[in-house]
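Atoms considered below: every heavy atom in the structure, side chains included; atoms not considered: hydrogens, waters and symmetry mates. Throughout, a chain's letter reflects where its sequence line sits, starting with A, and its residues are numbered from 1.
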2 protein chains.
Amino acid sequence: MNSYCVFERLRAAGLRPTRQRVALCNLIFGSGDRHLSAEELYAEAHRAGEPVSLATVYNTLHQFTDVGIIRPLTGEGQRTYFDTNTSDHHHFFIEEENQMIDIPGEGLRLHQLPEPPEGMEIVNVDVVVRLRRKAAAPAA
Amino acid sequence: MNSYCVFERLRAAGLRPTRQRVALCNLIFGSGDRHLSAEELYAEAHRAGEPVSLATVYNTLHQFTDVGIIRPLTGEGQRTYFDTNTSDHHHFFIEEENQMIDIPGEGLRLHQLPEPPEGMEIVNVDVVVRLRRKAAAPAA
DNA sequence: TTTTATGCAAAACATTTGCAAACCG
DNA sequence: CGGTTTGCAAATGTTTTGCATAAAA
């Protein structure tokens, strides 16, 4: 979470620790697991006084994805979200709020994985549990 | 699959069977379960000599979604795909080809569903099994 | 100095919207 | 007719690209 850590994380990934990348990396990993879009990260950077360009935010998110330190979220919105938690886990999706929430590790278990088609292998499995707000109980 | 069926399907859904809707409905449901995007359906309609506008294709897909005869696919591309199979089933996703394939019903089983957060209820569960072509065995 | 990254503005897409004209019942 | 639906074209929102400038090694 401190800068060294970020420096090393970037170096280890083979990315030059430029000012922008360090700043974005700090924002991304500075507060636990998160889900964020390019636009959000861009806004955050500017709020934090780091004037990166939107194009750089996109580039950076893709570079981070390529080296595996974040991963894109499977969802159906038009906007792409990235997850800072690259370990195997799944998500709730609240449609009305367009919000993704992590499902705690033990919450869901896959019992049987399907046989992939000939010549294919499974990379990973994403589960999205779509949620809706329960109809409020009628006030008495 | 013939026109009556489509007429009735549309009426049952409370949609006026206009020429365009009937044509699109025939294309969508004319050949078994499919996954298609607005752009693809638009191209197909034109190939079939039914000159609908792209806007109408979008409108129609959304109307059909609203009345529940098709459903949007959970995926991570920028383009939205729709599935003519609205029953509970899951998908393989081949990244290199950007292609979704149905997983046969028995192929995957969820063992334990997570407890939704307070005040929420589960609408449905989408599982995407990401696939990759196996590395070819090195030629001897 | 050489390579690589950044920023800007413009391009490329996918999708939505507003409104007049056409269509369904 | 009267309310819907359509089609067009323009607007919107997101993501990508090209290229000159700036920064890292």
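Residues A:R21 and B:S37 each lie close to DNA chain C; by heavy-atom proximity, the contact nearer the 5' end of the strand is made by A:R21.
Between A:L41 atom CG and D:dT14 atom C1' the separation is 15 Å, expressed in whole Å. When the P atom of C:dT4 is taken as reference, atom CG of A:L10 falls 17 Å away, rounded to whole Å. Between the OH atom of B:Y42 and the P atom of C:dC13 there is a distance of 16 Å, given to the nearest Å. The nearest whole Å value for the distance from the CD atom in B:Q63 to the C1' atom in D:dT4 is 10 Å. We find that CD of A:Q78 is positioned 16 Å from C1' of D:dA11, with the value rounded to whole Å. Computed from coordinates, the A:L24 CG to C:dA5 C1' distance equals 12 Å when rounded to whole Å.
The shortest distance between side-chain heavy atoms of B:P116 and A:V129 does not fall below 4.5 Å.
Screening residues 14-29 of chain A for salt bridge (charged side-chain N to carboxylate O under 4.0 Å, His left out) gives A:R19-A:E50 as the qualifying pairs, with residues at least two apart or on separate chains. For the side-chain hydrogen bond (donor to acceptor under 3.5 Å, both in side chains) condition, the pairs that include at least one residue of residues 108-123 of chain B, sequence neighbours left out, are A:R109-B:Q112, A:Q112-B:R109, A:R132-B:E121.
Of the residues in residues 44-52 of chain B, not one places a heavy atom less than 4.0 Å from an atom of DNA chain C.
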Quick one: which protein N/O atoms are closer than 3.5 Å to N/O atoms of nucleotides 16-25 of chain C? Pair and distance per line, please.
residue, atom, partner, partner atom, Å
C:dC24, O2, B:R16, NH1, 3.4

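In terms of phosphate contacts, A:S53 brings a side-chain nitrogen or oxygen within less than 4.0 Å of OP1 or OP2 of C:dG7. A close approach under 4.0 Å does not occur between any side-chain nitrogen or oxygen of A:T80 and OP1 or OP2 of D:dT14. Residue B:R79 places no side-chain N or O under 4.0 Å from the OP1 or OP2 atom of C:dT15.
You'll find that the side chain of A:T56 is closest to C:dG7, out of C:dA14, C:dA5, C:dG7.
Residues passing the side-chain contact (heavy atoms from CB on, under 4.5 Å) test with A:N85 are A:D33, A:D83, A:S87, A:H89, A:D102, sequence neighbours excluded. Listed by chain and number, the residues in a side-chain hydrogen bond (donor to acceptor under 3.5 Å, both in side chains) with A:Q99 amount to none (sequence neighbours excluded). The side-chain contact (heavy atoms from CB on, under 4.5 Å) check on A:P17 picks up A:F7, A:L10, A:R11, A:V22, with sequence neighbours excluded. Under the side-chain contact (heavy atoms from CB on, under 4.5 Å) criterion, A:N124 pairs with A:R71, A:D126, B:R130, sequence neighbours left out. With sequence neighbours excluded, the residues that form a ring-ring contact (aromatic ring centres under 6.0 Å, His included) with B:Y42 are B:H46. With sequence neighbours excluded, the residues that form a side-chain hydrogen bond (donor to acceptor under 3.5 Å, both in side chains) with B:T56 are B:S53. In terms of the ring-ring contact (aromatic ring centres under 6.0 Å, His included) criterion, A:H62 has no residue partners (sequence neighbours excluded).
Where the helix from C:dT1-D:dA25 to C:dG25-D:dC1 starts and where it ends, the local axes point in directions that differ by 30°; five pairs per end, rounded to 10°.
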Margin query: Show, in sequence, the C-alpha distance, side-chain angles and deciding distance for B:V125 and A:V128, and conclude whether the side-chain contact (heavy atoms from CB on, under 4.5 Å) test is met.
Written below: CA-CA 6 Å; B:V125 180; A:V128 177; over 6 Å; no
